[in-house]
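See structure below.
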Amino acid sequence: MSTEFLNAPAGRHNRYLLMRHGHSQANASGVIISTPDRGLDAFGLSPQGREQLDRVVAEWSWPAPTHILHSDFLRTAETAARVAEHFALPLSGEPGLRERDFGELEGQPDSRYPDIWALDAADPTHRRFGVESVAAVARRMLGVIDGLERETRHATVLLVSHGDPLQILLTALAQRPLSQHRDRPPLAPASITLLAPSQGAPTR
């Protein structure tokens with residue numbers, strides 16, 4: 001069994017808000033949309049997701065962001081745009097925040113996710129069905145934060161991404177085995193998790 005740890009920064013210069021996109025058309029249809037070919041220009045927010053974003057910005061209780069980066073998938077771009085409009089901030093698309101590529105499961109029912117998560121728990125480096133490994137997702141997500149840490153100081157950065165990548169990132173940041181990423185409580189659509197600048201447990 002492989003558990004694979006990745007080194008996460010022990011302390012951070014910036015504060016990060018990790019946001020999952022709002023309820024999407026893919027969620028509404030119950031299908032897996034994980035590749036740029038299908039996710040960049042289609043399967044944006046559902047009406048439910050737009051209502052979620054309206055509530056989030058109206059009831060915002062987190063630190064105000066100074067920077068917003070988002071996965072360039074349509075559902076995350078639309079989520080980020082709603083927050084950016086509220087705070088009058090520019091947007092920056094970041095491919096490193098993209099959805100995990102679920103390979104041959106693309107377009108299949110989202111009831112297939114548990115099949116992959118069971119394999120993840122046994123080996124976070126697996127690529128069964130052509131799926132992007134948990135370890136690869138962790139490396140690229142941590143890479144986004146590492147790059148921001150090199151370039152920016154004392155910022156509050158909103159990172160808008162997807163459920164699996166954010167679960168994996170939080171597991172890596174907590175220095176837990178990547179095989180345990182689904183042991184965390186699932187992140188709800190439009191939810192936000194705050195990472196303080198110094199090391200410590202994230203807060204919701």
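The structure presented is a predicted model; accordingly, all values stated were derived computationally and were not measured.
With sequence neighbours excluded, no residue forms a ring pair (Phe, Tyr, Trp, His ring centres under 6.0 Å) with F43. Residues that satisfy the side-chain contact (heavy atoms from CB on, under 4.5 Å) test with A81, not counting sequence neighbours, are L91.
Atom CG of L169 and atom CG of L178 lie 10.5 Å apart (nearest 0.5 Å). For the atom pair CZ of R12 and CG of D146, the computed distance is 10.5 Å after rounding to the nearest 0.5 Å. The distance from atom CD of E59 to atom CG of D54, rounded to the nearest 0.5 Å, is 10.5 Å. In this structure, CG on D120 lies 10.0 Å from OG1 on T125, to the nearest 0.5 angstrom. Summarising the geometry, atom OG belonging to S133 is positioned 12.0 Å from atom CD1 belonging to I116; distances are rounded to the nearest 0.5 Å. Within the model, atoms CG of L97 and OG of S92 stand 9.0 Å from one another, a figure rounded to the nearest 0.5 Å.
Within the 3.5 Å criterion, the main-chain N or O of H13 finds no donor-acceptor partner in the side chain of R153. Listed for the S179 side chain is no donor-acceptor partner under 3.5 Å among the backbone atoms of P124. Of the possible donor and acceptor atoms, one in the side chain of N14 sits under 3.5 Å from a partner among the backbone N and O of A155. Between the side chain of Q25 and the backbone N or O of A42, no donor-acceptor pair lies under 3.5 Å. Remark: the backbone N or O of L187 is paired with a side-chain donor or acceptor of R20 at under 3.5 angstrom. Remark: the backbone N or O of G44 is not paired with any side-chain donor or acceptor of E78 at under 3.5 angstrom.
Side-chain contact between W62 and T156: absent, with no pair of heavy atoms (C-beta onward) separated by less than 4.5 Å. Between F129 and L119, the closest side-chain pair of non-hydrogen atoms falls below 4.5 Å. No side-chain heavy atom of V137 sits under 4.5 Å from any side-chain heavy atom of Q167. Counting heavy atoms from C-beta on, the side chains of L159 and I145 come closer than 4.5 Å. Side chains of M141 and I168 form no contact here, defined as non-hydrogen atoms less than 4.5 Å apart. Using a 4.5 Å heavy-atom threshold, the side chains of R182 and D164 count as touching. Residues E94 and V160 have side chains not in contact (no heavy-atom distance under 4.5 Å, counting atoms from C-beta outward). You'll find the side chain of E106 reaches within 4.5 Å of the side chain of I33, heavy atoms only.
T76 and H70 form no side-chain donor-acceptor contact under 3.5 Å, judged by distance and modelled atom types alone. With no hydrogens or angles considered, no side-chain donor-acceptor pair links R176 and T171 at under 3.5 Å.
At a threshold of 4.5 Å between side-chain heavy atoms, the hydrophobic network of Ile, Leu, Val, Met, Phe, Trp and Tyr places L89 and I192 in one connected group. Hydrophobic clustering places L148 together with L170 (ILVMFWY residues linked when any side-chain heavy atoms are closer than 4.5 Å, directly or through intermediates). Under the 4.5 Å side-chain heavy-atom criterion for Ile, Leu, Val, Met, Phe, Trp and Tyr, F102 and V31 are members of distinct hydrophobic clusters. Residues V134 and Y113 do not share a hydrophobic cluster, clusters being chains of Ile/Leu/Val/Met/Phe/Trp/Tyr side chains in contact below 4.5 Å.
Ion pairing of E132 with R98 is absent here, as no side-chain N (NZ or NE/NH1/NH2) approaches a carboxylate O to less than 4.0 Å.
P95 approaches D72 most closely through the heavy-atom pair CG-OD2, 3.9 Å. Nearest heavy atom pair, residue M19 against residue T79, reads CE-CG2, 3.8 Å.
For D41, the CG atom sits in a loose shell: 12 or fewer heavy atoms of surrounding residues, nucleotides or ligands are nearer than 6.0 Å.
Sorted by first and then second residue, the ring pair (Phe, Tyr, Trp, His ring centres under 6.0 Å) pairs with a member in residues 131-169 read H21-H162, F73-H162; sequence neighbours excluded.
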